[in-house]
Amino acid sequence: MPELPEVEIVRRYLEERALGKRIDSVKVIDASILEGVTTRKLIDSLVGKCFTAARRHGKQLFLQVDGGFLTAHLGMTGDLISIESESPLPRFARVVVGFQGGERLVFEDVRKFGAVGFVKSTSSLLANKRLGPDVLLVREKEFVERVRRHRKAIKIVLLDQRVVAGIGNLYADEALFQSGVHPNASASKLTDGEIEKLCRNVRRVLKRSIQVRTDFDRLPRTYLLRSRIEGGRCPRGHSSLKSIKVGGRTTIFCPRCQRPSKG
DNA sequence: ACGTGCTCCTGTGTGC
DNA sequence: TGCACACAGGAGCACG
């Protein structure tokens, strides 16, 4: 589930629920979820400290403490939730941070594609993963320059977190639809105007989704996400939606609104 | 550089 | 109802 909007909602939730409380325990239930850190190191880095800030870069989360940052990536099924001391742990709890007073912050993840780690600086993790600039912060000009370097299908380029960090499968489809760009169009063959439009649309779509707390039923009727299934009706009424695979990912688009380029 | 396909893992939905 | 199978919104990797 987690795409950038979900991650941003989690970040805000963490700001309310996880900051300023003294950490008095860390339990790693499944160490395979750890990335670049041992259980010992995680415990030593966190216990006795407080989270002081919650940050996000693309879909990557950071919880700041004195001396570094707890990192969390939610993968496809990950979540971070705060529970009361008496509450039972969720079934798929992988890492549990206990606060003074009994409240606990739980990283849960059914499929274990997510990851928890610890870094001294956010920039070291961004460099390690070679993440591009955050999609909501990058300048439009830089977005255009970074995207048009690639010759691959535009959708693959949008999903490449090294180009720009934060665009997931659903929002790539939405932005392409709203921009009238075919998902298989070569990125380098798009005009600057088309890429600028993609940049503006992907941002608008992500922000709108954050606003409605990712409840797609509350999105405007013009959004593809409201009927993103094969055979669904194009919001502009032009055609029924088609499903293809691009880079192995399910891709829904409107064959009339998003014509392949003739070149 | 590019596309393809596999991998990590488990739950859910579909069709027989 | 049971069962097999396809599929899932992420991301890294090997291969040709």
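Numbers restart at 1 for each chain; the letters A, B, ... are given by sequence-line order, proteins then strands.
Taking only side-chain nitrogens and oxygens, K245(A) never comes nearer than 4.0 Å to OP1 or OP2 of dC7(C). Between T250(A) and dA8(C), a side-chain N or O to OP1/OP2 separation shorter than 4.0 Å is present. OP1 or OP2 of dC2(B) sits under 4.0 Å from a side-chain N or O of R151(A). OP1 or OP2 of dA11(C) has at least one side-chain nitrogen or oxygen of H73(A) nearer than 4.0 Å. Within the structure, a side-chain polar atom (N or O) of K59(A) is placed less than 4.0 Å from OP1 or OP2 of dA11(C).
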Yes or no on ring-ring contact (aromatic ring centres under 6.0 Å, His included) for F62(A) and H57(A), after CA distance, side-chain angles and deciding distance? CA-CA 8 Å; F62(A) 299 94; H57(A) 182 105; 7.5 Å; no
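Here, dG3(B) and dG9(C) have their C1' atoms 22 Å apart, quoted to the whole Å. Comparing dG5(B) with dA6(C), their P atoms are spaced 15 Å from each other, to the whole Å.
Between the side chains of S82(A) and E103(A), at least one donor N or O lies within less than 3.5 Å of an accepting N or O. Judged by distance alone, the side chains of R204(A) and Q178(A) do bring a donor and an acceptor atom under 3.5 Å apart.
Within the 4.0 angstrom heavy-atom criterion, only backbone atoms of the sugar-phosphate kind lie near F92(A); the bases stay farther away. At the heavy-atom level, G248(A) lies nowhere under 4.0 Å from the strands shown.
If you measure from atom CZ of R162(A) to atom C1' of dC2(B), you get 12 Å, rounded to the nearest angstrom. Rounded to whole Å, atom C1' of dA11(C) lies 16 Å from atom CG of L158(A). If you take CZ of F216(A) and P of dG9(C), they are 11 Å apart, rounded to a whole angstrom. At whole-Å resolution of the value, NZ in K155(A) and P in dT4(B) are 14 Å apart. Atom CZ in R91(A) sits roughly 17 Å away from atom P in dC9(B) (whole-Å rounding). Distance I244(A) CD1 to dT4(B) C1': 15 Å, rounded to the nearest Å. Atoms CD1 (I229(A)) and C1' (dG9(C)) sit 16 Å apart, rounded to a whole Å. A straight line from CD1 of I252(A) to P of dC7(C) spans 12 Å, rounded to a whole angstrom.
The heavy-atom pair separating H182(A) from I154(A) by the smallest distance is O-CG2, 3.4 Å.
Once rounded to the nearest 0.5 Å, the distance linking CG of D44(A) with CZ of F118(A) reads 10.0 Å.
Across dG11(B), dA11(C), dG9(C), the shortest atom-to-atom separation from the side chain of M76(A) is found for dG9(C). Checking dG9(C), dA8(C), dG3(B) against every side-chain atom of R111(A), the shortest atom distance belongs to dA8(C). For K112(A), the side-chain atoms get nearest to dC9(B) when compared with the rest of dC9(B), dG9(C), dG3(B).
With contacts defined as side-chain heavy-atom distances shorter than 4.5 Å, the pair R94(A)/V116(A) does not qualify.
Searching all strands for a Watson-Crick or G-U wobble partner of dG9(C) with both distances below 3.5 Å returns nothing.
Ring-base stacking between F113(A) and dC8(B) is satisfied, the centre separation being under 5.5 Å and the plane angle under 30°.
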